[in-house]
Amino acid sequence: MDQIFFVGLVAAAFRLATPLVFAALGEAISQRAGVLNVGIEGIMLVGAFAGAWGSAATGSPWLGLGVAIAAGAAAAAVHGLLCLHFRVDQIVSGIALTVLGLGLSGYAYRLTLGSDRGVAIPSFARVDLGALGELPVLGPMLFQHHLLVYVALALAPLLWWFVNRTGWGLAIRACGEEPAAAHAAGIDVLRVRWGCVLVGGALAGAGGAYLSIAQIGNFVEDMVAGRGFIAIACVVYGRWNPFGVLLAALFFGAADAAQIRLQALNPDVPYQFFVMAPYVLAVGALVFVSRRSRLPAALGRPFTPPR
Amino acid sequence: MDQIFFVGLVAAAFRLATPLVFAALGEAISQRAGVLNVGIEGIMLVGAFAGAWGSAATGSPWLGLGVAIAAGAAAAAVHGLLCLHFRVDQIVSGIALTVLGLGLSGYAYRLTLGSDRGVAIPSFARVDLGALGELPVLGPMLFQHHLLVYVALALAPLLWWFVNRTGWGLAIRACGEEPAAAHAAGIDVLRVRWGCVLVGGALAGAGGAYLSIAQIGNFVEDMVAGRGFIAIACVVYGRWNPFGVLLAALFFGAADAAQIRLQALNPDVPYQFFVMAPYVLAVGALVFVSRRSRLPAALGRPFTPPR
Amino acid sequence: QQELKVALVLPGPISDGTFNSAAHQGIKAAEQKYKIKVSIQENTQSAQIEAALTRYAREGYAIVIGHGFQFAEPAKKIHKRFPKTWFIVNTAKVAAAPNLASFDNRWGDAGYVAGAVAASVSKTGTVGHIGGIPVPVIQEYQEGFERGAKRIRPDIKVLTAVVGSFSDIAKGKEITLSLIERGADVVTATGNENVVGTIQAAKEKNVMAIGTAFDSAALAPETIVTTAIIRMDVNIDMAIGLVSSKKIEPKNYLLGFKENGVDLAPYRAFESKISDANKARIKQLIEDIKAGKVADLPKIR
Amino acid sequence: MAPPLELRAIGKRFGDLVALDGVDLAAGAGEVVGVLGENGAGKSTLMNIASGLLAPDSGEIRIDGSARTFGGPRDAAAAGIGMVHQHYLLVPSLTVAENIMLGDPRLRSLRPDLRRHGAEIEALARRVGLPLDASARVAHLDIGGRQRVEILKALHRGARVLILDEPTAVLSERERAQLYEVIRALKRAGVGIVLISHKLEDIFAVCDRVVVLRGGRVVDAAAIAERGGDALVRAMVGADPPAGPAKAAARGATLLSVHDLEARRDNGAAAFAGVSFELHEGEILALAGVEGSGQQELAEVLAGLRAPVRGTCRFRGRVLAGTGAHRRRAHGIRHVPHDRLRNGVLPRRSLAENFLLAHWFDAGFRRRGLLRRRRAGEITRTLVRDFGVRGAPGGPLGALSGGNQQKLVVARELWGDASLLIASHPTRGLDVRTVAALQAALIERRNAGLGILLISSDLAEIWQVADRVMVLAQGRLRGPVPVGQTSLQEVGAWISGA
Ligand SMILES: Nc1ncnc2c1ncn2[C@@H]1O[C@H](COP(=O)(O)OP(=O)(O)OP(=O)(O)O)[C@@H](O)[C@H]1O
Ligand SMILES: Nc1ncnc2c1ncn2[C@@H]1O[C@H](COP(=O)(O)OP(=O)(O)OP(=O)(O)O)[C@@H](O)[C@H]1O
Ligand SMILES: [Mg+2]
Ligand SMILES: [Mg+2]
């Protein structure tokens, strides 16, 4: 019983964390370059719909994922256009994007898949890792997931390496810290920020698609249900470091998995406590662990090269 | 018909804008002092519940409002403690506050009012402005509202005067722009920020209470429904100026009122377009009107006096 | 007879596949049956409710239907100002002269029968209910589900959990998976989109599900044993019928099995998998409920 | 009579670092005390303690002879101690009057009479010879204007002792002379003044006494009449002053030729027009002028950071079109920016990363996409050694003093195959020894063929290192002429627009 509880919890933690990992890593990249995107929720919804639609239209979840990634980048491009080109405040643009993503995905769904409830949405199968998947305890915990789960886990070291070990990463960090210094050093700040916004949107789109074409195999309006905002929290809790962000997302996934299990075991404790617990824990940890803000210094501040 | 439409729209706009006005003005004060509070949504929920509970317990909506204001300030004090005292990131603390407010208000409701559906929640009556209220068109549009609507409208000039014309306001602005300079001038930056955070929370609490004990006469879980986030958008759209914030809140109130009406008149246009329209309009206006960000320069940055 | 103008104000989107879809289908059916003109407003938040109701009343709608208990207070507040309009609130208990009535379904009875079915078909002796947000009707359903299951099998274990959202389909699925992990082999869910997540999980894990509110057997014919249908269309049909014939009274109409406001869907693919004894037992249970012979039905809140 | 401010045996540590170790300093009424010392000697720390911004670890502060502890800057202000910080502490979005009144107890009312206060401030400003418009926004003032606001702020609070931390570092010659006049006027009014400066001429121009700090201790204190410049420099650096660098004629081919260049400022106003000159290999061409006369904009245009309105720049005969510091760096064009803190460095990053910021696109620092961080680290360590950058090399660059950050930026730009260096105020805020070392380094690189455009407001420095000099004033270029064929008076006249 206890083992079943634990095995199920770990497996569910990975499943629940995966969309957060995608979206939060994307947001982290964007923020490291200095662009705050609070519209990630809307982008994930667009990705979730686009993934479902693309998958139904082409019959292949891989192509669906590609459509979702493209749609996520396109939605993020709206943010880029508004913030980087028209210099609208990033919070305003992000809130608008959230509403836009919710509206457009819901509307497009009704026009396409929703009007025809019979359409099958081809979804990712779980990977078959052969003997690994057969392992007694570890198998169901770690080796019976969708491929996208492993992709998400692999993304964190990849992004860490990219941000901390490559020249592009240095440029990204410079744009987030001191755009004027980056500009003086010959870096095209706007182009770097554009790139990061688009990559961030593509990842958020993939996170949404995970929900629709891996986890559920369906699209419903507002199915992202606040995960975009939790992804932003993960970025902050993870101190803008891809590994930290991954840990934060796994923490929230595990907390959610634990929460839904403990609820059923303790029907007398009001469910609100289970919902609040991870946040209280996370804030408590921050109070003790790290008081120093590692916020990219230029986050949210527009930069215009002198003319 | 057209006149009815218009009268109803204006009246509804004021009603729908009022909670936004309270919360957004509170947030503006907090941000002007340099403290970003994205937990306003949670505080409004706490205020909505506390108002309903206080009103039911005491039998007086005025006392209920007082309870809501105190509860809002108390919820904001959590934010103050975390951000100002423990130097937790403001976004992290705000997100936690949102979740906490949602959970606590829902739970407390269940424990109290929710378990006993028979409790009456005394609510504010509309003010009787005598002849004014009887005026043919203007009466229903402007003079048949709850007192709190007029309080909200009066708050904007009051706060403008406070921020721009008094010594306290000067200190607040200095703390939001250059806390180091304010500190060197002998201003107790932390105390000013604490004050603004508490006032901001109190106003958000009042905004929530308007929903529960003036507009609806009931408390429902999650009844704030994203208004806290729209209030943050109003602050930005209103360029941190109380009059601008008031206008932005009225705009969103009017857009919402119009949206509800147009939806019914145009059943063939998908409702999503009506929901998205105000945001698209507002962002579009920002693109053309003002590209210069008037963000308080030290917004979101902690300040520790050097010692 | 002149054409009646009817407005339906919904808290969610008509495409949710459950609560709001049901109302939408009901009004579509009524549109065929009666001489009415219909306007629908979707996704109405609680603070917009008063404005929405007022506007329809002002525009001379004869019937304004608020679909959800959150419409009760606002309707109570404004109905007197528009005596020519009938305000109907669904899934609430509110009434006031001269023109406010409510139609509520006996969700508790539906849950009771669903619990009985679940206990009859369960092999593990563990069944589960997943609620979206514990609003009154969901609490009633849950209470009924537990009692109905215990009536059939006193030793049955009923697991319950709450999603905390009506639209979080992914979490609905995960919660269901966690109940299945703990042995539940029949699951049921109440709410909106989260119900779809529960059905998905049941399908994936090859356990049985009992639908609620809205017959969506087509989603997973091999999984859905039956559905405890809440006939929102009947509420709407009755309301419009009573107003047209001027027989409506300002009271709360409570619709159960007897009034056809609650129903059990056919077993379809499970017809052959359920023993005739069990089928008879359920049928008898429904008859007993109709006859008022069942004592431990959940209290209406 | 006891002096209004007296510091006795002040000690202060930051972690392991002893910043101040038993320092005594007193400022009497109507007395100007100069404080000299190398970068990091502890001058700013001492004055931050006197003005209540920092608490001393040991020692005491005496006001009019009685010991006091300051809980914060407000206490110090109440005791009559005013300070003008090295980095100004002003709120740019507020007006002059608002900034000056900030924190004043009279503002703690609901209806402060800012107009009356404004008039008071303007009257005070006229009395001490600092003309100012009290209703102007500080954001619109130039650097000298902001300094005047800081001084007035202190005086308005009734400062009887005024501490000025490196006030002349950012001023033009003319503004400096004005500041001297103000100091003399305050002295006559009985205000005690503590003046921190790296420039001996400031000390000799206005001070009565001088105190020299080294490594957190007082190494010399005397009446100004008793000390010559050599003695002070020796006390400061603890060794003989370095000899002036030797120049060798090495001028080569034309490196940069600028024709009819015109550019605008950020606010759209014209910065300069019709600028033409040539710069050769192996020469130092100095650009002088009052700050804000377009030098910064010219440097930015040449570095590819600002688009010119018209005109052409040729580098080795090829036209440099458009912007793009990236491409120019690849040609060997390097730039030490004007505002190094904002435009030059990432304060929260390591020294090595700050080095890489300017060099990561060199193929030498990349291997299959990866940055060669070890190589950068090694080079940074040699630069730190060669240029005497002081501070923990492992920590973030922001933990270095401003002067040491400056050294690292110059070192970084000179590294590798630079062929043209555009250097804005490279020695500003550095101590005497470092200035000499840096000047020697510039001349050495010049002798090796580097072309240098040296933007400086320090004519003495220009005379010491430059081959030719030109002046930007009123949007026009005067010169260039060889330094040997002109005089200080002539260049001074160009600058002042005569
Ligand atoms: N907040 C601080 N934390 C750690 N070390 C500090 C801090 N402030 C000053 N120091 C150290 O104390 C020493 C004295 O610094 P101070 O700023 O007083 O020098 P200074 O004489 O003003 O130098 P400069 O001529 O560069 O202005 C330096 O070595 C500096 O690194
Ligand atoms: N966060 C920090 N950690 C460690 N040392 C610090 C920190 N902040 C400042 N310092 C130290 O405080 C001192 C004062 O810094 P500041 O930038 O004022 O130097 P400065 O007086 O401008 O130096 P310079 O005369 O060289 O320009 C420096 O020596 C620096 O090393
Ligand atoms: Mg200093
Ligand atoms: Mg200095």
Side-chain angles (χ1 to χ4, degrees), chain B residues 1 4-5 7-9 11-20 48 52 99 102-103 106 110 114-118 120-121 123 125-126 140 208 210-212 214-227 253 256-267 270-272 274-275, chain C residues 5-15 20 27 31 37-61 64 68-78 81 92-94 132-136 138-139 162 164-167 299-301:
Chain B
M1 171 70 193
I4 290 181
F5 179 89
V7 168
L9 188 141
F14 280 110
R15 287 198 300 271
L16 289 168
T18 298
L20 295 179
V99 180
L102 178 60
R110 222 54 71 85
S115 61
D116 179 5
R117 309 213 108 233
I121 297 175
S123 295
R126 284 155 208 280
Y210 170 83
L211 285 173
S212 66
Q215 201 169 6
I216 311 280
N218 205 344
F219 176 82
V220 192
E221 270 190 68
D222 200 14
M223 71 186 295
V224 172
R227 282 184 180 70
D256 217 7
Q259 184 254 107
I260 298 175
R261 285 167 172 70
L262 294 174
Q263 250 196 62
L265 291 181
N266 306 280
Y271 82 97
Q272 286 99 340
F274 296 109
V275 176
Chain C
K5 288 209 288 184
V6 180
L8 176 64
V9 190
L10 299 172
I14 55 171
S15 58
N20 293 290
I27 201 95
E31 218 170 5
K37 188 174 156 268
V38 172
S39 173
I40 299 173
Q41 176 171 317
E42 295 176 62
N43 271 16
T44 313
Q45 298 169 6
S46 33
Q48 300 170 336
I49 289 174
E50 189 181 334
L53 299 182
T54 311
R55 175 181 46 77
Y56 278 122
R58 218 174 244 140
E59 282 171 13
Y61 277 75
V64 178
F69 71 99
Q70 61 268 54
F71 288 81
E73 288 299 324
K76 209 157 98 191
K77 218 157 118 193
I78 63 162
R81 305 207 329 253
K93 286 106 193 160
V94 61
I133 291 176
V135 296
I138 287 183
Q139 286 172 311
V162 171
S165 156
F166 284 133
S167 66
K299 179 175 119 258
I300 300 292
R301 290 170 196 247

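All heavy atoms count here, side chains included; hydrogens, waters and symmetry mates do not. Numbered from 1 within each chain, the chains take letters A, B, ... in sequence-line order.
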Exercise for review: Side chain from CB out, backbone as N, CA, C, O: work out which of these in Glu42(C) comes under 4.5 Å of a heavy atom of chain B, or both, or neither.
Suggested key: both

Practice item. With a 4.5 angstrom heavy-atom cut-off, could you sort out which part of Ala13(B) is near chain C: side chain, backbone, both or neither? Key: neither

Review point. Taking the side chain from Ser167(C) and the backbone from Ser165(C), do they hold a donor-acceptor pair closer than 3.5 Å?
Key: no

Check your understanding: Which atoms of Ile133(C) come close to chain B, meaning under 4.5 Å heavy atom to heavy atom: side chain ones, backbone ones, both, or neither?
Key -> side chain

Exercise for review: Could you pull out all residues at least two apart from Phe219(B) that satisfy ring pair (Phe, Tyr, Trp, His ring centres under 6.0 Å)?
Suggested key: Phe49(B), Tyr109(B)

Check your understanding: What option among Lys77(C), Gln70(C), Lys76(C) has the most heavy-atom pairs under 4.5 Å with chain B?
Key -> Lys77(C)

Check your understanding: Would a 4.5 Å heavy-atom cut-off, applied to side chains only, mark Val7(B) and Arg58(C) as touching?
Key -> no

Exercise for review: Return the set of residues passing side-chain hydrogen bond (donor to acceptor under 3.5 Å, both in side chains) with Glu73(C) (not counting sequence neighbours), or none when no residue passes.
Suggested key: none

